[in-house]
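This chain uses plain numbering: 1 for the first residue, then up along the sequence.
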Amino acid sequence: MSKPTLDDCVFNCLKQKDINGNVRYWTFWDLQTRIKEKVNQFYGEPSISAAIRNLRKDYARSRYGLPAYGEVVIKRRKAGSKGYEYKLTADAVQYISEK
């Protein structure tokens, strides 16, 4: 089995649901930690940011079964912080589920 790409790792994290069945928000630091735990590879914030942006590109939409049009990632400011959190949109999650 080949090693997953950073794009694969970020997508797999962003599609994960919490115990209530909701897709959760992730910070760059949450993603760094999870990816390090799972594939034993550390990626910096710029690389993770690029992987999130890549999910909006045509090749990633096709590869991961995301909708061809519209936003697929939501960004919001983290409460009480200068950082941001990211998650897949409800439309993207529904589209993936229907495939």
Side-chain angles (χ1 to χ4, degrees):
M1 187 164 121
S2 64
K3 186 174 180 182
T5 67
L6 178 56
D7 289 356
D8 295 337
C9 293
V10 168
F11 173 72
N12 287 329
C13 287
L14 291 182
K15 74 176 185 176
Q16 289 182 2
K17 296 182 180 179
D18 63 18
I19 59 172
N20 297 321
N22 300 313
V23 177
R24 63 171 279 201
Y25 278 96
W26 293 79
T27 66
F28 288 152
W29 307 283
D30 295 334
L31 290 166
Q32 277 179 327
T33 301
R34 179 62 59 90
I35 292 166
K36 177 71 172 152
E37 290 170 354
K38 294 292 183 183
V39 296
N40 198 29
Q41 177 71 44
F42 178 82
Y43 294 97
E45 289 92 351
S47 297
I48 292 172
S49 179
I52 291 170
R53 284 192 310 274
N54 287 346
L55 294 179
R56 298 178 175 109
K57 296 180 179 175
D58 290 341
Y59 77 87
R61 289 173 184 260
S62 175
R63 178 177 181 146
Y64 302 119
L66 295 167
Y69 301 100
E71 190 55 72
V72 293
V73 178
I74 296 172
K75 171 183 165 181
R76 74 174 183 189
R77 185 171 294 280
K78 188 173 177 182
S81 173
K82 292 182 180 180
Y84 290 92
E85 300 174 308
Y86 303 84
K87 75 174 187 174
L88 291 179
T89 64
D91 289 344
V93 173
Q94 181 178 354
Y95 192 84
I96 294 167
S97 298
E98 292 174 354
K99 289 200 151 218

A.B. asks: With the side chain counted from C-beta on, respond yes when Gln16 and Trp26 share a heavy-atom pair under 4.5 Å apart, and no when they do not.
C.D. replies: yes
A.B. asks: Going by side chain to side chain contact (heavy atoms under 4.5 Å, CB included), name the residues that satisfy it together with Lys38, two or more places apart in sequence or in a different chain.
C.D. replies: Arg34
A.B. asks: Looking at every heavy atom in both Ala92 and Val72, which two are closest together, and how far apart are they?
C.D. replies: CB-O, 4.0 Å
A.B. asks: Could you please spell out the steps behind the side chain to side chain contact (heavy atoms under 4.5 Å, CB included) verdict for Thr89 and Val23?
C.D. replies: CA-CA 8 Å; Thr89 64; Val23 177; over 6 Å; no
A.B. asks: Would you sort out whether Phe28 and Ile52 count as a side chain to side chain contact (heavy atoms under 4.5 Å, CB included), showing the intermediate values?
C.D. replies: CA-CA 10 Å; Phe28 288 152; Ile52 291 170; 3.7 Å; yes
A.B. asks: Nearest 0.5 Å, what's the CZ-NZ distance between Arg24 and Lys17?
C.D. replies: 14.5 Å
A.B. asks: Salt bridge check: are Arg63 and Asp7 linked by an N-O gap of less than 4.0 Å?
C.D. replies: no
A.B. asks: Using a 4.5 Å cut-off between side-chain heavy atoms of Ile, Leu, Val, Met, Phe, Trp and Tyr, which other residues end up in the same hydrophobic cluster as Tyr69?
C.D. replies: none
A.B. asks: When you measure from the side chain of Arg61 to the backbone of Pro67, do you find a donor-acceptor pair of N or O atoms at a distance under 3.5 Å?
C.D. replies: yes
A.B. asks: Strictly distance-based, threshold 3.5 Å: is any side-chain N or O of Tyr64 a donor or acceptor partner for the main-chain N or O of Asp8?
C.D. replies: yes
A.B. asks: Considering all heavy atoms of both residues, which atom of Lys36 and which atom of Phe42 are nearest to each other, and what is their separation?
C.D. replies: CD-N, 4.1 Å
A.B. asks: Spell out, as yes or no, whether a donor-acceptor pair under 3.5 Å connects the side chain of Ser97 to the backbone of Val93.
C.D. replies: yes
A.B. asks: Kindly write out the residues that satisfy salt bridge (charged side-chain N to carboxylate O under 4.0 Å, His left out) with Arg77, not counting sequence neighbours, or none if the list is empty.
C.D. replies: none
A.B. asks: Which heavy atom of Ile74 sits nearest a heavy atom of Leu88, and at what distance?
C.D. replies: CD1-O, 4.5 Å
A.B. asks: Between the main-chain N or O of Tyr43 and the side-chain N or O of Gln32, is there a donor-acceptor pair closer than 3.5 Å?
C.D. replies: yes
A.B. asks: What pair of heavy atoms forms the shortest contact from Leu14 to Lys87, and how long is it?
C.D. replies: CD2-CA, 4.1 Å
A.B. asks: Given 3.5 Å as the limit, does a donor-acceptor pair link the side chain of Asn20 with the main chain of Asn22, or not?
C.D. replies: no
A.B. asks: Measuring from atom CG of Leu55 to atom NZ of Lys15, what distance do you get when rounded to the nearest 0.5 angstrom?
C.D. replies: 11.5 Å
